Amino acid sequence: MTAARITPELVATHQLTPGEYGKIVSLLGREPTLTELGIFSVMWSEHCSYKSSRLHLKKLPTKGARVLQGPGENAGVIDIGEGADGKRYAVAFKIESHNHPSFIEPFQGAATGVGGILRDIFTMGARPIAVMDSLRFGTLDVARNRRIVEGVVSGIAHYGNCFGVPTVGGECVFEGCYNGNPLVNVFALGVFCQDEIFYGKAEGVGNPVIYVGAKTGRDGIHGASMASAEFTEESKQKRPNVQVGDPFLEKLLLEACLEAMKTGAIVGIQDMGAAGLTSSSCEMGSRAGTGVEIDLDRVPQRETGMTAYDMMLSESQERMLLVAEKGREEEVFAVFRKWGLDAVTIGRVTADGKLRVRHHGEVVAEIENHALAGEAPLYDRPHGVAPYREAPMVGPAFASKDLKADLAALLGSPDLCSKRWIWEQYDYSVRTNTVEGPGGDAAVVRIKETGTSVAMALDGNGRYCALSPREGARLIVAECCRNLSVAGAEPVAATNNLNFGNPERPEIMAQLVEAIEGMGEACAYFETPITGGNVSLYNETLGKAIYPSPVIGVVGLMKTGAPPAVHFQNEGRTIVLVGGIGDCDEERFGGTEYAKTVLGTMWGMPPRLDMEYEKRVQRAVREIVGAGLAETAHDLSDGGLAVGLAECSFGERGIGAECAVESGMRAELALFHEGPSRVLVATGEAERVREIAARHGVEAPAIGVTMRGRLRVSDATGVLMDAEISELSQGWHSALERMLDG
């Protein structure tokens with residue numbers, strides 16, 4: 001084994017500190033080869049090792065009655081009950097980020113983000129049945145941002161539509177802090193029998209290690225390292241670090257893997273995602289306490305002259321690593337031949353616990369698996385300072401001149417306008433399981449095998465977290481669980497994506513720690529353990545960090561059937577505000593969409609959350625929906641009561657509302673504050689709704705009645721706003737396309 005001349009400059013280009021390099025030399029007992037240096041650099045990168053966050057992620061709740069697999073595997077798994085066939089079923093789900101690649105090459109960055117999360121699901125043995133995405137872009141007055149939006153949405157649509165999985169919902173936000181650093185977080189969920197779960201373990205000394213799927217190229221080399229660094233002017237030149245995806249090949253890979261799993265010949269399986277062949281081989285060995293020896297001469301290659309370094313660090317897409325039972329290789333090969341895919345034995349499981357890599361007859365890397373997967377640096381980075389924030393605590397004096405115009409401005413804003421332009425590009429009904437697709441508070445897919453449905457929601461709010469990471473994270477969890485409850489589903493488990501700036505800055509690290517702790521408190525309270533997720537740090541461009549942007553995805557269970565409509569369905573229905581009008585002072589108003597869009601500023605603290613009251617509201621809403629009493633149900637969040645009423649009015653039937661608000665607050669606060677724990681319900685049985693709410697100790701005032709064609713809101717002083725529904729909806733429907741057209 002020939003050692004390379006490792007210089008401090010070479011170490012620095014691999015994003016390793018002198019101290020980390022010293023630890024590598026100590027673990028090896030010698031200088032590393034160039035291939036070994038590359039292997040350590042990706043496995044010890046922030047993206048793969050979570051060296052800045054692992055210490056704090058332990059604070060998250062991860063266990064629950066339904067949790068079958070928590071963090072540490074390719075995806076979390078929960079029990080969803082027994083099917084008609086007597087078997088017990090489960091769903092696997094997870095969220096991952098592809099932020100940096102989506103800035104450099106929006107289409108492929110987003111497309112391969114979808115491909116990667118789908119492989120995480122079917123690696124577990126589950127068939128993917130739903131995808132959702134949480135997107136954050138810079139402001140649309142910048143031409144580059146408009147191109148990024150179009151590229152990302154096209155990439156998501158291309159991969160999901162071609163693969164044949166429905167993209168059933170998500171969220172999309174626009175803020176100046178994402179101008180140089182968009183966020184593309186993709187969630188996927190799959191279903192399977194509990195006795196069909198597979199794990200990424202290289203068990204059985206002497207068992208063959210089999211490479212399957214696409215050939216290896218030079219695309220994606222150092223992709224994991226790129227995702228672990230701030231953006232600079234040179235980052236735009238890192239296009240070779242972005243992988244190129246083929247959704248049609250991945251569909252073949254899915255079918256081949258699921259079929260091969262049924263042979264019983266597969267012992268373990270792992271996606272070649274971030275860090276490619278390196279991470280899949282050493283992580284499988286580390287989990288099983290075994291070694292993995294591979295010969296790179298046997299790896300299918302689509303380019304000539306590839307070095308060992310290239311092959312070990314390539315992140316070419318649509319590839320998997322399998323461990324099969326010795327003597328049963330042909331059963332596996334036969335399946336992959338049937339689907340027209342490469343399947344080659346490239347190595348074997350050993351007893352020595354080492355990753356050993358051969359190339360052209362020479363050992364080019366020999367490293368303890370545990371050194372790569374278990375000995376990565378663990379930093380308790382300084383965070384004993386106030387989380388970074390720019391916003392003042394006190395906001396400007398303001399008084400609306402025209403509340404109707406304010407509402408129209410909000411409805412036509414990038415954050416609140418219709419996202420139909422996005423989701424119409426997605427096939428959200430393929431596979432015929434979609435009960436509720438994009439546009440609702442939660443997406444719902446039916447599980448045919450169990451006669452039940454799974455509801456899903458993604459939520460995040462960078463403004464809230466910029467004002468208070470802890471309180472903002474709690475609010476995100478509460479809203480996500482509330483969205484499921486509005487659909488009639490009981491939240492049972494969660495996954496998260498933590499998008500933050502440079503953790504080496506104490507004020508940014510403080511944001512991360514506060515958000516994790518707040519999320520942990522809320523997930524424990526709402527009984528939604530975290531089963532896995534993703535941490536994406538160094539989301540900065542030229543030293544300017546994004547807002548702290550944690551995203552939570554919550555999964556809930558419900559009986560088969562459609563959730564209540566989001567839109568008002570009939571005239572003359574009573575509108576009940578379950579949870580009450582809520583309260584808000586001006587300090588808690590500065591993070592609202594009203595403050596952003598109408599006042600153009602941000603200040604103070606996010607809305608106040610009472611988790612005990614929120615939990616009672618959610619229980620009441622689930623009972624109301626379960627009893628069939630809610631003809632319409634819609635969570636109040638961004639934009640507050642006025643925006644919520646308008647959204648309920650934008651259905652095809654043109655049914656609006658006449659409401660009276662008795663709050664004692666200023667009109668701007670009453671109409672547009674974003675206090676949590678509030679759900680609009682339109683019902684023909686208002687007294688029964690209010691009885692259920694009262695039993696749960698929840699306020700439920702009847703605030704109005706549905707009527708055709710208009711939205712009119714009054715308080716004790718008189719009419720606050722009065723508008724035709726068609727007038728409001730026109731701007732809401734067309735705003736995003738107009739902004740994308742420049």
Side-chain angles (χ1 to χ4, degrees), residues 74-75 91-94 96 98 107-133 152-168 184 186-192 196 198 210-217 219-220 242-263 266 269-273 276 280 300 302 315-322 332-344 425-434 437 445 447-449:
N74 291 290
V91 291
F93 62 97
K94 193 182 181 185
E96 283 273 7
H98 233 219
F107 181 92
Q108 288 294 349
T112 52
V114 175
I117 194 66
L118 289 172
R119 287 194 302 280
D120 282 341
I121 300 305
F122 70 78
T123 293
M124 300 297 296
R127 179 176 291 277
I129 61 170
V131 165
M132 302 180 77
D133 49 76
V152 165
V153 172
S154 296
I156 292 170
H158 168 72
Y159 210 101
N161 294 355
C162 294
F163 180 87
V165 63
T167 301
V168 294
V184 178
V186 185
F187 166 101
L189 177 142
V191 63
F192 54 169
E196 295 173 346
F198 279 79
I210 301 174
Y211 172 117
V212 301
K215 291 178 169 58
T216 294
D219 53 319
V242 180
Q243 310 94 323
V244 177
D246 182 345
F248 296 108
L249 193 150
E250 178 137 326
K251 171 63 172 173
L252 299 177
L253 184 62
L254 160 73
E255 299 299 344
C257 285
L258 294 184
E259 185 174 332
M261 289 169 175
K262 293 186 182 299
T263 66
I266 294 178
I269 180 169
Q270 174 88 359
D271 164 39
M272 288 192 220
S280 56
R302 68 169 185 261
E315 294 184 8
S316 294
Q317 295 289 284
E318 293 86 42
R319 303 178 301 159
M320 310 283 270
L321 200 65
L322 315 179
V332 176
F333 295 155
V335 172
F336 284 88
R337 277 198 303 269
K338 168 187 168 182
W339 292 97
L341 297 172
D342 282 317
V344 182
Q425 299 183 50
Y426 304 151
D427 187 338
Y428 49 85
S429 58
V430 64
R431 300 193 61 81
T432 70
N433 292 316
T434 304
V445 294
I447 308 297
K448 296 172 183 174
E449 295 85 351

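Worth saying up front: this structure is predicted, and the values here are computed from it rather than measured. Heavy-atom basis, side chains included; hydrogens, waters and symmetry copies ignored.
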Partners passing side chain to side chain donor-acceptor pair (under 3.5 Å) against [X] (at least two apart in sequence or in another chain):
X    : answer
R431 : none
T216 : Y211, R319
T167 : none

So how far is it from [X] [atom1] to [Y] [atom2], rounded to the nearest 0.5 Å?
X    : Y    : atom1 : atom2 : result
D133 : H98  : CG    : NE2   : 14.5 Å
L189 : K94  : CG    : NZ    : 14.0 Å
N74  : F198 : CG    : CZ    : 13.0 Å
N433 : K448 : CG    : NZ    : 4.5 Å
L253 : F163 : CG    : CZ    : 8.5 Å
F93  : M124 : CZ    : CE    : 11.5 Å

* Is there a donor-acceptor pair under 3.5 Å between the side chain of D120 and the backbone N or O of F122? -> no
* Donor-acceptor pair, side chain of D271 and main chain of R119, under 3.5 angstrom -> no
* To do: Could you walk me through whether V91 and I129 pass the side chain to side chain contact (heavy atoms under 4.5 Å, CB included) test, one step at a time?
  => CA-CA 10 Å; V91 291; I129 61 170; 5.6 Å; no
* Asked: What's the verdict on side chain to side chain contact (heavy atoms under 4.5 Å, CB included) for F333 and I210, showing C-alpha distance, side-chain angles and the deciding distance?
  -> CA-CA 9 Å; F333 295 155; I210 301 174; 3.9 Å; yes
* Are any non-hydrogen side-chain atoms of V212 and W339 less than 4.5 angstrom apart? -> no
* Asked: Between D427 and S429, is any pair of side-chain heavy atoms under 4.5 Å apart?
  -> yes
* Evaluate the side chain to side chain contact (heavy atoms under 4.5 Å, CB included) criterion for residues K251 and L254: first the C-alpha distance (whole Å), next the side-chain angles of each, then the deciding distance (0.1 Å), finally the verdict. => CA-CA 5 Å; K251 171 63 172 173; L254 160 73; 4.2 Å; yes
* Qualifying residues under side chain to side chain contact (heavy atoms under 4.5 Å, CB included), relative to K262, sequence neighbours excluded -> E196
* Just jot down the side chain to side chain contact (heavy atoms under 4.5 Å, CB included) partners of Y428, sequence neighbours excluded, or say none. => W423, P438
Might you point out which heavy atoms bring [X] and [Y] nearest each other, and give the distance in Å?
X    : Y    : answer
A75  : I121 : CB-CD1, 3.9 Å
A260 : V335 : N-CG1, 3.9 Å
T434 : V445 : CA-CG1, 4.3 Å
Q270 : T123 : CA-CG2, 3.8 Å
P300 : V344 : CG-CG2, 3.9 Å
A126 : F192 : N-CD1, 3.4 Å

* Determine, step by step, whether V168 and M132 satisfy the side chain to side chain contact (heavy atoms under 4.5 Å, CB included) criterion, reporting the C-alpha distance in whole Å, the side-chain angles of both residues, the deciding distance to 0.1 Å, and the verdict. => CA-CA 6 Å; V168 294; M132 302 180 77; 3.7 Å; yes
* Structure fact -> The single option from Q243, R302, Q317 that satisfies side chain to side chain donor-acceptor pair (under 3.5 Å) with D219 is R302
For residues 152-160, dump all side-chain donor-acceptor pairs below 3.5 Å to protein atoms at least two apart in sequence or in another chain.
residue : atom : partner : partner atom : Å
S154    : OG   : E150    : O            : 2.8
Y159    : OH   : E250    : OE1          : 2.9
Y159    : OH   : E318    : OE2          : 2.5

